[in-house]
Amino acid sequence: MEFSINNGNPAKQRCACVVVGVFETRILSEAAKTLDKNTNGYISNILKNGDMEGKLDSTLLLHNVPNTLCKRVLLVGLGEKSNFCDREYRSAIRSTFNKLNETGASDAKLFLIEIPVKNRKITWKISHTVILAIESIYRSDQLKSKRNNNKQQLQKVTLSTIRKMDFATGKDALQWGLATAHGMSLAKDLGNLPPNICTPTYLAKLAVKMAKNYKLKTTILEQKDMEKLGMGSLLSVARGSNEPAKLITLEYWGQNKKEKPFVLVGKGVTFDTGGISLKPAANMDEMKYDMCGAASVFGTIKAIAQMQLPINVIGIIPTTENMPGGKATKPGDIVTSMSGQTIEILNTDAEGRLILCDALTYAERYKPEVIIDIATLTGACVIALGHVASGLLSNDDKLATELLSASEQAADRAWHLPLWNEYDEQLGSNFADMANIGGRDAGTITASCFLSRFTKKYRWAHLDIAGTAWKSGKNKGATGRPVPLLTQYLTTHATKKSSEKKS
Ligand code: BES
Ligand code: MN
Ligand code: ZN
């Protein structure tokens with residue numbers, strides 16, 4: 001799909017489809033008004049017939065509208081004018097592309113980015129339109145023997161305005177949207193791959209390939225390397241599996257190496273059976289998504305490398321399977337982490353924290369500005385926040401606030417949960433420094449308390465994406481979250497830094 005921006009009169013666009021918005025009840029947007037004038041009231045006359053009220057997400061496709069140069073006009077409902085905010089904008093854009101994808105139109109000009117959205121600039125509307133357009137055509141059908149080879153129809157999308165606008169900033173916003181969307185698509189592809197293909201070795205090979213394509217540095221630690229480093233906790237999870245565990249690092253140096261890097265740590269459990277604390281059979285296939293934290297790190301690094309963002313970012317991905325087996329870790333086993341702290345493993349299904357804690361200790365060597373880990377860590381997070389928001393926990397309130405504002409901007413929601421000492425007490429063990437579980441209560445928080453014991457030396461935040469990384473049911477599939485949140489956060493920092501330098 002190709003994107004461009006232009007300005008002009010909607011009636012004078014030679015293309016397969018022109019899209020304009022209509023508010024409730026039958027209130028024309030500016031572009032729709034212009035079109036209406038040029039067509040001698042054709043649009044308002046049609047609306048009077050009662051075929052469309054302008055309800056949010058409704059659409060009406062018109063053919064051969066007189067006095068226009070386009071084959072079709074698509075009217076998109078925007079809902080109440082006074083309610084039109086970012087959620088409504090994104091929803092209307094989604095409906096636009098769903099409808100366009102049903103038609104035979106190969107190119108479309110959307111007159112939607114000029115419609116005012118509270119607190120959002122035109123650049124936001126451009127970026128989000130691009131992301132939603134690419135999302136609308138995403139499929140994961142590489143492994144179907146008969147792929148739907150109806151060639152993708154919609155190939156060219158133009159974001160149009162009736163007034164002149166600043167093309168340079170418009171183009172930047174377009175590039176940002178494209179990079180973010182491509183990062184999301186990579187994260188989705190990896191998440192959707194079956195666990196017999198997407199193994200730790202597969203992810204390591206991908207890192208090497210990405211490093212070549214985007215001039216990154218990559219290092220793969222093998223099991224013997226991790227043994228030398230004393231990563232007893234990470235390795236305890238891999239014991240039941242025949243697939244060797246890896247610790248992957250991907251380094252993107254977009255500015256002076258003296259500048260402290262932002263470190264992203266992604267949970268890469270390519271399949272989580274629960275280990276000896278075996279999970280029930282129902283929906284266990286979805287535990288192939290237990291590497292979505294890792295996938296979001298790959299996706300975010302791809303996005304920022306594509307944009308050549310002036311910032312230093314390190315991705316660290318501990319990756320393994322969690323399997324039962326003769327050598328598997330047993331409940332009651334005690335292991336020593338790289339930090340020296342000992343852990344009594346009371347439930348082998350609480351494995352995410354066991355691989356993350358060693359990766360978090362390993363991250364110290366990069367002297368990071370901040371560390372953010374991303375993990376499908378707890379079922380409790382799905383109970384608390386459902387599939388709407390990711391859980392956010394941090395040992396630094398400023399960092400949490402910055403991530404929350406990035407999540408708002410990116411329409412990739414997160415919600416701040418507390419990390420108080422009272423919760424940490426649930427991790428006590430009679431035999432080791434800590435247990436790996438803290439009981440049923442506040443499971444998302446106690447999991448983070450566990451991680452916080454390994455992140456005392458730096459500013460750290462944790463994103464629990466158990467409810468947001470994929471969808472179940474008929475539309476089963478990875479969402480690409482939280483690539484938008486992370487990309488937004490890093491972009492904000494990169495632009496802040498470069499403007500600090502200039503001033
Ligand atoms: N990967 C799971 C968390 C998960 C479960 C994510 C369901 C999404 C849907 C994680 O490794 C896990 O099994 N966590 C346990 C922790 C418990 C044993 C303390 C859980 O949430 O049940
Ligand atoms: Mn588990
Ligand atoms: Zn898991």
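As the structure is a prediction and not an experimental result, all values here were calculated from the model. For ligands, and for the atoms within them, numbers begin at 1 and follow the listed sequence.
- The option from Thr446, Thr378, Asn436, Asp349 that lies nearest to atom 12 (C) of ligand 1, judged by heavy atoms, is Asp349.
- Residues Leu221 and Leu229 are in side-chain contact: their nearest non-hydrogen atoms beyond the backbone lie under 4.5 Å apart.
- Distances between N or O atoms of Lys279 and those of ligand 1 include at least one value under 3.5 Å.
- Atom 2 (C) of ligand 1 has Asp272 OD2, 3.6 Å as its closest protein atom, hydrogens excluded (heavy atom only).
- Heavy-atom minimum distance, Ala305 versus Leu216: CB-CD2, 4.3 Å.
- Nearest protein neighbour of atom 7 (C) of ligand 1, counting heavy atoms only, is Met287 CE, 3.6 Å.
- The minimum heavy-atom distance between Gln255 and Asn312, with the atom names listed, is N-OD1, 3.1 Å.
- Among all heavy-atom pairs drawn from Leu417 and Ile445, the shortest one is CB-CG1, 4.5 Å.
- Under the salt bridge (Lys or Arg N to Asp or Glu O under 4.0 Å) test applied with Glu135, the options Lys188, Arg481, Arg94 reduce to a single match, Lys188.
- The Zn ion (ligand 3) forms the vertex of an angle spanning OD2 of Asp272 and NZ of Lys267; to the nearest 10 degrees it equals 180°.
- Rounded to the nearest 10 degrees, the angle O (Asp349) to the Mn ion (ligand 2) to OE1 (Glu351) equals 70°.
- What sits closest to atom 6 (C) of ligand 1 on the protein, heavy atoms only, is Ala466 CB, 3.6 Å.
- Tested against Ile371, the residues Leu399, Ile316, Leu360 include a single side chain to side chain contact (heavy atoms under 4.5 Å, CB included) partner, Leu360.
- When the Zn ion (ligand 3) is compared with the N/O/S atoms of Asp290, atom OD2 turns out nearest.
- Between Thr270 and Pro195, every side-chain heavy-atom pair lies at or beyond the 4.5 Å cut-off.
- Among the atoms of Gly352, no N, O or S atom falls under 2.8 Å of the Zn ion (ligand 3).
- Contacts between Leu377 and ligand 1 below 4.0 angstrom, taking non-hydrogen atoms only, involve the backbone exclusively.
- The Mn ion (ligand 2) lies closest to atom OD2 when only the N/O/S atoms of Asp272 are considered.
- The residue among Met284, Met291, Arg440, Glu351 with a heavy atom at the shortest distance from atom 11 (O) of ligand 1 is Glu351.
- Between Asn347 and ligand 1, no N or O atom pair is found at a separation short of 3.5 Å.
- What sits closest to atom 1 (N) of ligand 1 on the protein, heavy atoms only, is Asp290 OD1, 2.8 Å.
- Considering only non-hydrogen protein atoms, atom 20 (C) of ligand 1 sits nearest to Gly379 N, 3.9 Å.
- Close N/O approach between Arg353 and ligand 1 is not found [any backbone or side-chain N/O within under 3.5 Å].
- The ligand atoms of ligand 1 that sit less than 4.0 angstrom from a heavy atom of Ile437 are 19 (C).
- Under the 4.0 Å distance rule, the nearest protein heavy atom to atom 22 (O) of ligand 1 falls outside the cut-off.
- Of all the heavy atoms of Trp470, the ones lying under 4.0 Å from any atom of ligand 1 belong exclusively to the side chain.
- At under 3.5 Å, not a single nitrogen or oxygen of Ala350, backbone or side chain, sits near a nitrogen or oxygen of ligand 1.
- The shortest separation from a heavy atom of Glu286 to ligand 1 is not under 4.0 Å, leaving the residue out of contact.
- Among the backbone and side-chain atoms of Glu351, an N/O/S atom is found under 2.8 Å from the Zn ion (ligand 3).
- Taking all atoms of both residues into account, the shortest heavy-atom contact from Leu264 to Ile374 is CB-CD1, 4.3 Å.
- For the atom pair CE of Met434 and CG of Asp424, the computed distance is 8.5 Å after rounding to the nearest 0.5 Å.
- Under 4.0 angstrom from ligand 1, the non-hydrogen atoms of Lys267 all belong to its side chain.
- The shortest heavy-atom contact between Met184 and Ile131 is SD-CG2, 3.8 Å.
- Using a 4.5 Å heavy-atom cutoff, the side chains of Thr444 and Leu393 are in contact.
- The shortest side-chain heavy-atom distance between Ile372 and Phe262 does not fall under the 4.5 Å cut-off.
- Using a 4.0 Å cut-off between a side-chain N of Lys or Arg and a carboxylate O of Asp or Glu, Asp373 and Lys267 do not qualify as a salt bridge.
- Considering all non-hydrogen atoms of both residues, Gln409 and Trp124 come closest at O-NE1, 2.8 Å.
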